[in-house]
Peer 1: 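One structure is given below, represented as structure tokens, and several questions about it will come after.
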Number of protein chains: 2
Amino acid sequence: MAALKYDVFQAISDPTRREILRLLSTKKRAISEIASQFPVSRTAIAKHLHVLSEASLVSGEKIGREKIYQLQPEPLTEIKQWLAYYEQFWTNKLSILKHVVENDDE
Amino acid sequence: MAALKYDVFQAISDPTRREILRLLSTKKRAISEIASQFPVSRTAIAKHLHVLSEASLVSGEKIGREKIYQLQPEPLTEIKQWLAYYEQFWTNKLSILKHVVENDDE
DNA sequence: ACTATATAACACCAATCGGTTTCATGTCAA
DNA sequence: TTGACATGAAACCGATTGGTGTTATATAGT
């Protein structure tokens, strides 16, 4: 509702929303089609889709009486970039050792 | 409290917790030292550290009367692996086109 | 021994979250 | 046109979140 109330980190923090993204990664789907895959109500799924939409991870297009949602993976680059900073601490032993030594010095 | 109540996705969904991780990436720090960097109370920071600890993103060691927290970046690999699946949808034009065409086919 | 400090452990609170049910609206199809 | 279907919108609910303050306990330093 309010502009950017949900960022991409919050959007992917919910397991149901991650599963919705997974479903949309194979094809566009209408709300009811998505909801049929979950044990919760259609309304609950519609709310999750709204959250994902605010984070720009999905886009919805109304076609006839259906609203078709589609994956928009671009915002995930923000997660990727955030993660890149921490990769130095585990991708090779040298970095990890460097990290430990620096900590012990202070 | 309950085992694995917080997973790594939820742990990093909060901006304050992400900032705590950033602080700990440069060196080990005690709770009070971390809390001094934020506008919220020390108690609130201790709760955030507890959440991060449940997600195994930090570990705490009591030394004297201080509790020293340290970054444990390994669980971030789970995020990285999750993200890897979606990279095919934006890392090159070919994959994106393939995605669109498949969607239009159904 | 005292005193100040660092943390833990509670109890508490307002706001939010994920979910529900109900009702209204709009669209497709017989 | 009538009915079934897909969605949107609203009100509501219980649990959780993120925050507070208070109190208790243990430790460090004088």
Peer 1: Atom CG of B:Asp14 to atom C1' of C:dT16: distance rounded to whole Å?
Peer 2: 13 Å
Peer 1: Using 4.0 Å as the upper bound for N to carboxylate O, is an ion pair formed by B:Asp7 and A:Arg18?
Peer 2: yes
Peer 1: Out of C:dC17, D:dG18, D:dG8, which nucleotide sits closest to the side chain of B:Lys47?
Peer 2: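 Selected nucleotide (nearest to the side chain): D:dG18.
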Peer 1: B:Glu66 CD to D:dT27 C1': how many Å, rounded?
Peer 2: 10 Å
Peer 1: Side chains of B:Trp82 and A:Ile12: does their closest heavy-atom pair fall under 4.5 Å?
Peer 2: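 A side-chain contact exists here, since the closest heavy-atom pair is under 4.5 Å.
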Peer 1: In B/S/- notation, 5' to 3', how is nucleotides 21-30 of chain C contacted by protein heavy atoms closer than 4.0 Å?
Peer 2: B-----BS--
Peer 1: Under 4.0 Å from OP1 or OP2 of D:dG8: is there any side-chain N or O of A:Lys67 that close?
Peer 2: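 For D:dG8, OP1 or OP2 has a side-chain N or O of A:Lys67 closer than 4.0 Å.
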Peer 1: A side-chain contact here means heavy atoms from C-beta on lying under 4.5 Å apart; do A:Val51 and A:Leu57 qualify?
Peer 2: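 A:Val51 does not reach A:Leu57 side chain to side chain.
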Peer 1: Write down the distance between CG (A:Leu49) and C1' (D:dA6), rounded to a whole number of angstrom.
Peer 2: 13 Å
Peer 1: Touch check for B:Ala30, heavy atoms < 4.0 angstrom, all strands: base, sugar-phosphate only, or nothing?
Peer 2: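 Sugar-phosphate: the residue B:Ala30, judged by heavy atoms under 4.0 Å, touches backbone atoms but no base.
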Peer 1: Hey, does A:Leu76 have a side-chain heavy atom less than 4.5 Å from the side chain of B:Phe89?
Peer 2: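 No; the side chains remain at least 4.5 Å from each other.
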Peer 1: Starting at CD1 of A:Ile68 and ending at C1' of D:dG8, how long is that distance when rounded to a whole Å?
Peer 2: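 The distance from CD1 of A:Ile68 to C1' of D:dG8 comes to 16 Å, rounded to the nearest Å.
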Peer 1: Let me know the distance between CD1 of A:Ile12 and P of C:dG18, rounded to the nearest Å.
Peer 2: 14 Å
Peer 1: Please report the distance, rounded to the nearest Å, between CD in B:Glu19 and P in D:dG18.
Peer 2: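 Those two atoms, CD and P, are 16 Å apart.
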Peer 1: Separation of B:Tyr6 atom OH from D:dA15 atom C1', in whole Å?
Peer 2: 11 Å
Peer 1: Answer yes or no: does a side-chain N or O of A:His48 lie under 4.0 Å from OP1 or OP2 of C:dG19?
Peer 2: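 Yes.
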Peer 1: Got A:Gln72 and A:Gln70 here, is their nearest side-chain heavy-atom distance under 4.5 Å?
Peer 2: no
Peer 1: List the steps, then state whether side-chain contact (heavy atoms from CB on, under 4.5 Å) holds for A:Gln37 with A:Arg22.
Peer 2: CA-CA 12 Å; A:Gln37 309 283 103; A:Arg22 186 73 64 161; over 6 Å; no
Peer 1: Let me know the distance between CD of A:Glu33 and C1' of D:dC5, rounded to the nearest Å.
Peer 2: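 Going from CD in A:Glu33 over to C1' in D:dC5 covers 15 Å.
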Peer 1: Would you indicate whether the side-chain heavy atoms of B:Thr16 and B:Ile45 approach each other to under 4.5 Å?
Peer 2: yes
